[in-house]
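Reviewing the structure listed below.
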There are 2 protein chains.
Amino acid sequence: MSEYTNRRPVSLLDVAKAAGVSRATASLVLRESPLVADGTRQRVVETMKNLGYIYNRGAANLRRNSTGTIGLVLSNIGSPFYSTLMAGVDETNEAGSIVTLVANSVDSPDRQIRQIRRLREHNVDGIILCPAIGSDETLAAELARLDLPCVQALRHAELLGGDYVGADYRSGIEKAVRHLVGSGRRRIVFVGATTLHSAARERNEGFRHAIRMHGLNDGLVVAGAPDNAYDVAALDRLLKARNPPDAAVCYNDVIALDVMNRLRSHGRQPGQDFAVIGMDNLPQAAGAFPALTTIATHPREVGQQAAALLQKRIAQLGPSKGEHIIVPPSLIVRRSCGEASVAA
Amino acid sequence: MSEYTNRRPVSLLDVAKAAGVSRATASLVLRESPLVADGTRQRVVETMKNLGYIYNRGAANLRRNSTGTIGLVLSNIGSPFYSTLMAGVDETNEAGSIVTLVANSVDSPDRQIRQIRRLREHNVDGIILCPAIGSDETLAAELARLDLPCVQALRHAELLGGDYVGADYRSGIEKAVRHLVGSGRRRIVFVGATTLHSAARERNEGFRHAIRMHGLNDGLVVAGAPDNAYDVAALDRLLKARNPPDAAVCYNDVIALDVMNRLRSHGRQPGQDFAVIGMDNLPQAAGAFPALTTIATHPREVGQQAAALLQKRIAQLGPSKGEHIIVPPSLIVRRSCGEASVAA
DNA sequence: CGACGGATATAGATCGATCTAAATCCTCCG
DNA sequence: CGGAGGATTTAGATCGATCTATATCCGTCG
């Protein structure tokens with residue numbers, strides 16, 4: 001049994017008839033209006049249960065012109081970092097009984113526009129967007145055209161008056177450098193530098209700034225590329241040079257873990273004669289060998305805040321925009337940056 | 001500028017009027033019907049563009065009684081494994097221009113039911129469900145009541161006539177044991193055994209069966225718990241015993257990575273005097289030190305297949321059910337199970 | 001007794017598309 | 001010229017809720 005017969009489902013009108021009230025009254029009961037008498041309410045509720053009534057939110061949406069859904073456009077679902085962000089978004093959304101529609105731009109601006117249109121057709125009430133690499137004025141134009149609340153997360157393109165929730169990559173990197181300097185490191189290399197998006201650029205700035213602050217050697221930078229790639233040959237060259245670096249701050253944990261392996265193949269021991277710091281605090285960082293020191297960027301919190309901000313925008317329907325919420329990063333010290341400085 | 005004014009959006013009727021045709025004709029143009037004359041079509045399309053018309057799928061859904069959305073209920077968004085599954089689902093869905101609504105049961109049967117109801121209210125056309133630990137007949141009853149196509153993924157509860165897409169955990173574990181035996185290991189322990197859900201039970205069976213097949217010592221099993229926990233004390237005891245194991249097959253990669261660290265704290269070298277095999281082929285497996293041998297369970301493919309199967313069910317509206325699609329696992333050999341057997 | 005007013009209940013329009021059934025429009029043929 | 005018949009087009013009902021404005025009920029008070 002239980003073949004999904006396409007039988008017409010029970011509608012509010014059916015309920016109303018069965019309960020001997022009008023459609024309007026039944027609707028009021030649904031929305032728990034104080035206008036309806038207790039007896040009536042009970043009778044209707046009872047009838048709903050008996051008939052197995054299921055609320056048709058779609059019909060209500062049409063009339064109310066809002067759906068209780070929002071779209072989440074990520075540049076790469078599937079990456080643990082983004083899926084944690086999503087978990088945060090969904091958590092906050094669910095608390096406000098909002099459902100999340102996901103879309104994956106795979107860091108392609110074209111796909112991104114298509115996804116946003118698709119979401120718009122489904123009448124999402126707003127969008128949380130992690131702008132794809134290469135997002136340009138086309139995106140801004142489209143968003144303006146769609147006339148839809150939009151909060152950017154993690155990265156920001158220059159959209160007019162944008163709300164934004166992200167991590168403080170700049171100060172995160174600065175913290176990392178300060179920590180390394182504090183434990184005696186002097187030749188610090190930044191691995192994975194790109195200018196692909198705001199989050200990458202902020203890291204570069206943080207590194208440059210910190211290096212200058214501490215009066216260190218400038219220019220120790222290994223270029224990165226999309227998809228957690230970096231210029232491995234360049235790193236190898238640096239390691240083989242006369243005056244090799246003694247510490248690395250990496251674009252993120254994935255790169256940092258790879259750098260640690262790379263070091264070993266050069267006969268260096270990460271955590272002993274070379275300090276490595278990553279960024280993001282992915283689950284694998286703690287379990288790595290040696291455990292990876294990292295700058296936690298708290299994607300779950302970013303997701304929660306972004307969802308909350310979007311809900312606020314949707315509710316207030318119009319006024320002030322351009323809020324920036326920055327979730328402060330925290331340095332999590334583990335063995336990969338030298339035994340001396342670690343407790344456990 | 002670009003405050004999202006709540007101005008009434010352009011409707012199909014507006015377009016029709018402006019183009020000098022009827023609402024019906026405009027609708028036909030939308031759906032690319034061959035019934036409408038070329039000239040008319042062009043005129044209408046033009047008008048749509050000029051007015052900035054946006055298709056209101058919600059309204060259409062109401063009439064058509066289908067929404068082009070499906071719900072994906074996961075037991076733990078946020079985990080990389082599930083987010084990869086989701087990426088697969090979304091990929092296939094998107095190809096069929098279906099959008100994915102996500103919901104997180106956090107492995108709680110109550111939440112799971114609530115989530116399913118919520119999705120149902122949003123008129124999803126079907127559901128992909130990774131049943132929460134402890135799912136029981138309540139779930140089956142609810143699904144029957146909702147009368148909605150449902151494909152189970154990765155785990156299956158005993159839902160009447162269920163479609164299911166998953167990995168072949170049983171044969172995966174068997175492969176792992178065979179490989180270890182082939183490279184001379186004899187005392188193989190299974191770390192992380194639980195009976196919490198079908199995927200866990202299948203692994204246990206695979207292990208027991210393989211052990212028997214190869215005539216090995218029975219009973220080397222360390223119990224697991226939800227959330228990638230396992231009985232660490234028990235493992236420690238085994239390692240300190242007179243006749244310690246020389247290899248471990250683990251419930252999944254997360255546990256395997258932890259086991260490798262554990263081994264080191266007992267002075268054993270994973271990949272040299274002890275072989276470790278994980279399961280899932282998470283991204284961190286390849287980057288671990290030593291790189292982790294693992295049984296790839298291909299969550300992305302599972303997601304794609306599940307989405308495809310669900311689309312099929314939705315399309316055919318009724319007939320045959322109970323299809324089981326099993327994605328074969330593959331053993332990926334890396335350094336963690338002994339240098340001899342590795343190429344690179 | 002009739003009017004007033006708070007408490008309930010409801011009729012009917014409405015959201016924006018799709019669908020059915022029927023109306024027009026042409027062209028061409030007898 | 002009348003009409004058959006394919007090609008287009010359309011009026012109007014419909015999906016299932018919400019909203020506005022109005023009706024009805026009933027107790028109370030002047």
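Model, not experiment: these values are computed from the prediction. Residue numbers begin at 1 in each chain, while the letters A, B, ... track the order of the sequences.
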Distance-only side-chain donor-acceptor flag, [X] / [Y], under 3.5 Å:
X: B:Y82; Y: B:S75; answer: yes
X: A:D107; Y: A:N76; answer: no
X: B:N93; Y: B:T100; answer: yes
X: A:T138; Y: A:D136; answer: yes

Using OP1 and OP2 only, check whether a side-chain N or O of [X] sits under 4.0 Å from [N].
X: B:S11; N: C:dC15; answer: no
X: A:R31; N: D:dC19; answer: yes
X: A:T25; N: C:dT10; answer: yes

Length of the line joining [X]:[atom1] and [N]:[atom2], which is rounded to integer Å:
X: A:R41; N: C:dA9; atom1: CZ; atom2: P; value: 10 Å
X: B:Q42; N: D:dT8; atom1: CD; atom2: P; value: 13 Å
X: B:L28; N: D:dA7; atom1: CG; atom2: C1'; value: 13 Å

So which one's nearest nucleotide on DNA chain D is more toward 5', B:R63 or B:D38? B:D38
Base, sugar-phosphate, or nothing for B:A24, non-hydrogen atoms under 4.0 angstrom?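 Base contact.
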Return yes if the base of D:dT18 and the side-chain atoms of A:R64 contain a donor-acceptor N/O pair under 3.5 Å, otherwise no. no
